[in-house]
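One-based numbering, in listed order, for ligands and for the atoms of each.
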Amino acid sequence: MSDHKTDHATKMTWVPEASCGMARAGHLHTRHGTVPTPTFMPVGTVGTVKGMTMDAVRSTGAGIVLGNTYHLMLRPTADRVQKLGGLHRMMDWPGPILTDSGGFQVMSLGALRKLDEDGVTFRSHIDGSKHRLTPEISTDIQFKLDATITMAFDECPALPATPEALRKSMEMSMRWAARSREAFVAREGYGQFGIVQGGTERDLREYSIKALTEIGFEGYAIGGLAVGEGQELMFSTLDFTTPMLPQDKARYLMGVGTPDDLLGAVMRGVDMFDCVMPSRAGRTARAYTERGAINLRNARFAEDTRTLTPHDDTPVAGRYSRAYLHHLFRANEMLGPMLLTWHNLAYYQRLMRQIRAAIVDGTLDALAVKLREDWAKGDW
Ligand SMILES: CNc1nc2c(CCc3ccc(C(F)(F)F)cc3)c3[nH]c(N)nc(=O)c3cc2[nH]1
């Protein structure tokens with residue numbers, strides 16, 4: 001058995017196909033299949049994309065789904081997921097799975113957290129039981145989950161924060177990144193992503209990228225954003241951050257975003273995205289369409305026989321009227337959130353396919369103008 005440290009298994013790779021300005025189109029090759037980028041990854045927090053069967057998720061064109069260390073370590077526990085054959089088998093998803101390392105969720109969901117240099121101690125938001133996460137524990141949990149892409153264990157500081165507080169937090173996250181890499185078991189087609197921190201400070205982002213690229217990861221996430229800084233500050237941070245990242249590795253902007261966020265971030269060199277918005281909106285009667293978002297609980301839809309979108313490329317879009325969806329939400333029927341989550345995820349995947357095609361044929365700027373015009377028009 002080779003010592004996994006020296007094991008030269010070819011880990012996952014990202015291969016460029018085309019570029020248009022800062023935007024890139026490529027393919028992420030992994031042990032569980034190849035995914036075209038840019039790509040939007042549906043959030044599958046506790047081993048399910050809420051309200052969706054995996055067949056439905058696949059029908060939208062999704063390539064990678066997300067899972068979460070924080071939630072799964074609490075329930076059903078990493079040992080049980082491992083006993084059940086890992087996340088792929090448990091949730092019947094043969095494609096790549098990316099798991100977050102849990103630190104972000106501890107700070108946003110966990111109770112009575114105690115953060116120290118070694119890691120974080122917290123109480124479960126489910127039953128109050130005491131738990132600990134460190135770079136080593138998080139990396140080991142992600143191994144047991146059989147994550148295709150493992151995220152380094154980091155701290156995502158709340159914004160606004162002073163440059164001094166951001167520097168201290170980022171430097172600790174870089175020490176945790178080294179420990180996460182040390183604990184990572186290299187396997188053919190699997191990979192681990194480092195997470196760039198440093199808030200909106202150029203010098204801190206530069207320091208963080210230097211630290212992570214010296215350690216060496218299969219991909220790099222841009223963390224510490226989409227925490228209330230607003231789109232303008234997020235974009236200006238991307239403007240100086242993505243050019244400093246390795247050209248030949250995938251970039252993942254964590255927690256982003258609205259359709260307009262995705263478009264702007266792809267144009268600033270980002271390849272991978274995750275966001276709870278399309279699925280959470282689907283559960284709250286908010287539908288994303290080519291003309292912006294609409295709230296289907298609104299009485300104006302009660303007899304609107306039109307479908308949500310002219311596209312009929314999913315079992316939802318071409319079949320159900322707004323009036324029917326309005327009725328389902330008013331009646332509090334579970335089919336409402338199911339159909340609308342399906343529609344919203346399909347809309348996000350269609351948007352990413354449109355953006356990718358425009359990068360390949362060099363028409364991204366024209367597409368951006370058209371998309372923003374239509375979103376601004378509002379419902380037809
Ligand atoms: C919403 N804004 C945001 N989300 C952020 C996230 C969570 C991303 C995530 C991953 C997986 C799931 C899963 F539930 F589907 F599994 C859910 C959410 C971050 N995660 C880490 N590690 N560092 C960051 O610095 C960071 C910054 C983030 N800004």
- So does Arg350 pair up with Glu290, basic N to acidic O under 4.0 Å? yes

- Query: Starting from atom 2 (N) of ligand 1, which protein heavy atom do you reach first, and at what distance in Å?
  - Reply: Ala226 O, 2.8 Å

- Numbered atoms of ligand 1 (with element) below 4.0 Å of Leu66, judged on heavy atoms: 11 (C), 15 (F), 16 (F)

- Arg167 with Glu164: basic N within carboxylate O range, under 4.0 Å: yes

- Would you check the N or O atoms of Leu225, main chain and side chain alike, for any that come under 3.5 Å of an N or O of ligand 1? yes

- Query: Of all the atoms in ligand 1, which lie at a distance below 4.0 Å from a heavy atom belonging to Ile195?
  - Reply: 22 (N)

- Do the rings of His27 and His29 sit parallel, tilted or perpendicular, given the 30° and 60° boundaries? tilted

- Query: Can an N or O of Asn68 be found at a distance shorter than 3.5 Å from an N or O of ligand 1?
  - Reply: no

- Query: For ligand 1, which atoms, with element, lie under 4.0 Å from some heavy atom of Gly44?
  - Reply: 15 (F)

- Task: Using a cut-off of 6.0 Å, state whether more than 12 heavy atoms not belonging to Glu117 lie near its atom CD.
- Result: yes

- Message: Applying a strict under-4.5 Å side-chain criterion to I, L, V, M, F, W and Y, I'd like to know whether Leu364 and Met22 cluster together.
- Response: no

- Message: Side chain, backbone, both or neither: which applies to Asp154 and ligand 1 if a contact is any heavy-atom pair less than 4.0 Å apart?
- Response: side chain

- Can you list the atoms of ligand 1 that are under 4.0 Å from a heavy atom of Gly223? 24 (C), 25 (O)

- Message: Below the 3.5 angstrom mark, is there an N/O of Asp100, backbone or side chain, next to an N/O of ligand 1?
- Response: yes

- Item | Tyr207 atom OH: more than 12 heavy-atom contacts under 6.0 Å | no

- Message: I need the atoms of ligand 1 closer than 4.0 Å to a non-hydrogen atom of Gln105, numbered in the order shown.
- Response: 7 (C), 9 (C), 17 (C), 18 (C)

- Within less than 4.0 angstrom of ligand 1, does Gly224 place any heavy atom? yes

- Message: Is it the case that the ring center of His125 lies less than 6.0 angstrom away from the ring center of Tyr70?
- Response: yes

- What protein heavy atom is closest to atom 16 (F) of ligand 1, reported as residue, atom name and distance in Å? Gly67 O, 2.7 Å

- Query: Would you call Lys210 and Glu214 a salt bridge, using N to O less than 4.0 angstrom?
  - Reply: yes

- Protein residue, atom and distance nearest to atom 15 (F) of ligand 1, heavy-atom basis: Val43 CG1, 3.0 Å

- Query: Are Tyr288 and His343 close enough that their ring centres sit under 6.0 Å apart?
  - Reply: no

- Query: Heavy atoms only: which of Gly255, Gly257, Ser279 is nearest to atom 1 (C) of ligand 1?
  - Reply: Gly255

- Looking at Ser101, which atoms of ligand 1 are within less than 4.0 Å of one of its heavy atoms? 22 (N)

- Would you mind checking if Asp79 and Lys83 are paired as a salt bridge, meaning a charged N to carboxylate O distance below 4.0 Å? no

- Salt bridge between Glu188 and Arg31, side-chain N to carboxylate O under 4.0 Å? no

- Query: Is there any N or O on Phe104 that sits under 3.5 Å from an N or O of ligand 1?
  - Reply: no

- Item | Heteroatom distance test (Tyr252, ligand 1): nitrogen or oxygen, under 3.5 angstrom | no

